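These notes concern the structure reproduced below.
Reminder, nothing fancy here: chain letters follow the sequence lines and each chain counts from 1. On a predicted model such as this, the values are computed, not experimentally measured, just so you know. Side chains included, hydrogens not; waters and symmetry mates left out as well; all remaining heavy atoms used.
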2 protein chains.
Amino acid sequence: MSDAPVTLSQVAREAGVSLATASRAINGSATRSVRADLRERVLETARRLDYSPDPSAQAMARGRTSALGLVVHDIADPYFSTIAAGVARAAEREGLIVTLSSTEHSPERELAFVELARRQRSRAIILAGSRGVPPEALPGKLPAEVVDRLQREAGALEQALTTFQQAGGGVATIGQAVGRLPVVEIDNAGGAGDLARELHRIGYRRFGVLAGPPGLRTAADRTSGFLGALAELGCPVPDRDVVRGSFTRDGGHEAMTALLGRTASAAAASEERTPEIVFAVNDVMAVGAMAAVRDAGLSVPHDVAVAGFDDIHTLRDVSPGLTTVRIPLDEISEAATSLALGRKDETPAPVRGEVVLRDSTPGTAG
Amino acid sequence: MSDAPVTLSQVAREAGVSLATASRAINGSATRSVRADLRERVLETARRLDYSPDPSAQAMARGRTSALGLVVHDIADPYFSTIAAGVARAAEREGLIVTLSSTEHSPERELAFVELARRQRSRAIILAGSRGVPPEALPGKLPAEVVDRLQREAGALEQALTTFQQAGGGVATIGQAVGRLPVVEIDNAGGAGDLARELHRIGYRRFGVLAGPPGLRTAADRTSGFLGALAELGCPVPDRDVVRGSFTRDGGHEAMTALLGRTASAAAASEERTPEIVFAVNDVMAVGAMAAVRDAGLSVPHDVAVAGFDDIHTLRDVSPGLTTVRIPLDEISEAATSLALGRKDETPAPVRGEVVLRDSTPGTAG
DNA sequence: CTGTTAGCGCATTCAT
DNA sequence: ATGAATGCGCTAACAG
């Protein structure tokens with residue numbers, strides 16, 4: 001019925017107090033305090049008039065909003081949507097509004113959103129799946145142009161985040177660090193190494209890897225951790241069995257299809273070089289890879305075993321169960337929220353995942 | 001380096017014009033216009049100073065923000081995250097900021113968010129998975145208390161949305177209508193009926209249904225559409241083979257487990273009444289149900305066939321492929337955004353899904 | 001402890 | 001066509 005929203009001054013007038021008092025009563029000012037009976041009267045009339053503050057006005061007066069920006073590559077990806085759920089829950093508790101940006105893997109959008117968050121004076125911003133220049137460890141040199149572009153993009157992003165932070169905003173990244181900014185780090189290399197050792201222990205020897213795209217540190221770290229551990233075990237993976245694909249379900253499908261095609265033709269010459277197990281650097285890729293195996297008329301794990309990384313929730317429903325490295329996404333997203341909001345002073349220790357063996361890698365004993 | 005954001009007045013001063021002129025030059029006022037050379041000068045200095053407007057200030061001056069509110073039950077659910085992706089894409093095109101609320105199935109949060117959107121003067125709000133009082137058609141009477149609560153909740157939600165709309169905000173719901181508010185409707189009953197007829201055609205006769213919870217119209221409509229079509233085909237489903245569960249993956253798992261347990265014990269007495277096929281009212285429930293079948297040591301479709309509804313993306317990776325009713329979620333979420341933004345005058349025709357038969361329901365011919 | 005006042009950054013009305 | 005002035009709703013100095 002009532003069209004125009006109720007304002008604070010209406011409440012104040014109605015309650016017979018000044019604007020300032022009403023504000024303090026409702027908001028509980030840090031410095032000043034309000035007599036109990038007055039506060040009660042204000043609160044009561046506010047309730048009666050169904051008052052609630054205008055966030056824009058508060059933002060202007062305070063110089064900061066109560067918005068929490070969340071940046072993900074693709075909200076439809078279970079990995080990111082799980083993170084989003086955790087962040088949303090934490091934000092709700094803190095009374096913050098979540099503003100979402102699904103960048104669809106575009107560095108430009110990522111950057112634009114960070115800058116928007118700054119001028120909007122968002123309280124904090126959380127970056128999941130952030131980028132970073134790939135370490136040298138990444139197998140296969142990249143063209144100088146590509147490295148150049150990646151560096152430029154990473155630099156711009158870091159610069160924007162730093163500016164945001166200097167303007168008083170909180171920042172946290174999930175996955176791996178961007179510059180020296182706060183991060184809930186995932187020990188990707190360590191987890192992948194653990195996985196490699198475990199798979200080796202249960203008997204696998206001929207490995208393939210579905211690596212991610214250049215420019216994604218997370219992917220690069222997992223790849224190098226995996227390959228490094230195998231090399232130490234005296235079980236190196238030939239370059240030709242490391243196939244790049246995008247960090248998505250379809251990327252996994254394509255990479256696996258390519259690998260299968262290549263090894264099929266090679267099989268005639270020397271059967272020995274067919275990977276008996278393939279590690280995809282994340283679960284959505286692994287799931288796509290499993291589909292590719294099925295599409296090729298083969299079966300997991302009979303013809304080829306598969307392992308992933310992350311342990312996304314939807315894995316409960318894939319069959320056979322996918323061996324992976326469990327990352328506690330819920331905890332991590334909550335931790336990132338706390339970190340971004342300055343609830344924790346220091347950067348927490350890197351999260352090291354836990355290897356979870358399932359039916360997709362039964363081992364070679366049987 | 002520069003800490004404080006650049007303001008319009010700084011740009012104006014720097015360009016040697018008044019605040020008003022700068023505003024008009026940058027924003028292109030509706031009524032007034034600006035001389036070309038001046039405008040160019042303003043634009044140039046704005047660019048040079050890296051000016052960008054403060055959304056809160058604009059919101060206050062204009063009386064409306066450029067925020068688009070999105071309400072979903074659970075952002076981690078693939079159904080909703082797909083919708084979110086579509087809405088995010090459309091919003092990006094429109095230059096709007098998406099504010100997300102993952103209500104975790106809480107009517108109170110839903111309501112709170114709608115009210116927040118009003119206070120915040122959001123441009124529009126999109127409600128996915130909205131509630132509604134279940135139609136009488138729903139099998140099994142509900143306790144009067146429950147009906148009462150549901151009605152109260154639905155009424156409050158509709159009231160809040162209507163108020164928001166009267167205050168100038170755009171509204172669209174996805175799924176089924178809330179009152180007379182704009183909606184991109186899904187013909188749930190029709191689609192479920194089509195599915196029932198198709199399954200009947202390929203030979204199935206003994207059906208079970210994993211129905212949703214009371215209070216969810218979408219679930220109720222699908223259930224009644226399915227049961228109604230079967231009744232017309234002379235193939236009614238006994239009440240005992242209609243099991244309720246929550247509208248989630250776990251709900252499907254539990255309901256299927258319950259159904260299997262019940263029929264297992266009943267099987268001793270009369271084998272005939274074991275459902276040969278079970279329809280879960282959405283895909284995530286169906287996927288949970290398939291897991292339950294596996295957990296019981298049985299197999300799909302050999303021991304029991306399964307069908308779902310929605311055709312969520314992640315279905316590509318379940319095996320065997322799940323028969324379902326395909327709903328074009330991408331189109332729908334874009335349509336809903338247009339509708340909420342008033343880009344379309346009239347409510348579009350209800351979307352009727354398309355039955356997609358896959359390996360989970362091979363039929364009884366073989 | 002309470003009230004008065006001055007902006008926050010911008011769009012817009014009114015004069016010019 | 002341009003500029004000066006007003007106010008959006010609220011918080012935070014400043015007085016009392």
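- Rounded to a whole Å, the CZ atom of B:Arg121 is 16 Å from the P atom of C:dA11.
- Judged by closest nucleotide on DNA chain D, B:Ser18 is the one of A:Ser56 and B:Ser18 placed further toward the 5' end.
- Atom CD of B:Gln10 and atom P of C:dC8 are 11 Å apart (whole Å).
- The side chain of A:Thr21 lies closest to C:dT2, out of C:dT2, C:dT13, D:dC10.
- Minimum atom distance to the side chain of B:Ser23 is reached by C:dT12, of the listed C:dT12, D:dG9, D:dC8.
- Side chains of A:Thr163 and A:Gln159: a donor on one and an acceptor on the other come within 3.5 Å.
- Contact check, B:Arg35 against D:dA1: no side-chain N or O comes under 4.0 Å of OP1 or OP2.
- Among the nucleotides D:dT11, D:dG3, C:dA11, the one closest to the side chain of B:Ala20 is D:dG3.
- The listed nucleotides are D:dG9, C:dG9, D:dG3; the one nearest the side chain of B:Val17 is D:dG3.
- Between the side chains of A:Glu110 and A:Ser106, no donor-acceptor pair is found at a separation under 3.5 Å.
- The side chain of B:Leu8 sits closest to C:dC10 out of C:dG7, C:dT4, C:dC10.
- Geometric assessment of B:Arg119 against the ring of A:Tyr51 yields a positive cation-pi assignment under the 6.0 Å and 45° thresholds.
- If you find the closest nucleotide of DNA chain D to B:Ala36 and to B:Arg62, the one lying nearer the 5' end belongs to B:Ala36.
- Salt-bridge check for B:Arg123 with B:Glu94: failed, with every basic side-chain N at 4.0 Å or more from each acidic carboxylate O.
- Going from atom CZ of A:Arg13 over to atom C1' of C:dG3 covers 16 Å, rounded to whole Å.
- If you measure from atom CG of A:Asp54 to atom P of D:dG9, you get 7 Å, rounded to the nearest angstrom.
- Set against D:dC10, C:dT2, C:dG3, the side chain of A:Val34 has C:dT2 as its closest nucleotide.
- Counted by atom type alone, B:Thr103 and B:Ser101 present zero donor-acceptor pairs between their side chains at under 3.5 Å.
- Listed pair B:Gln58 / C:dG9 fails the phosphate criterion, with no side-chain N or O lying under 4.0 Å from OP1 or OP2.
- In this model, the phosphate group of C:dC1 is not approached by any side-chain N or O of A:Arg24 to a distance below 4.0 Å at OP1 or OP2.
- A straight line from OH of B:Tyr51 to P of C:dG9 spans 10 Å, rounded to a whole angstrom.
- Atom CG of B:Leu19 is separated from atom C1' of C:dT13 by 14 Å (rounded to the nearest Å).
- Protein atom CG of A:Asn27 is 13 Å distant from nucleotide atom C1' of D:dG9, rounded to whole Å.
- Taking atom CE of residue A:Met60 and atom P of nucleotide C:dG7, one finds them 14 Å apart after rounding to whole Å.
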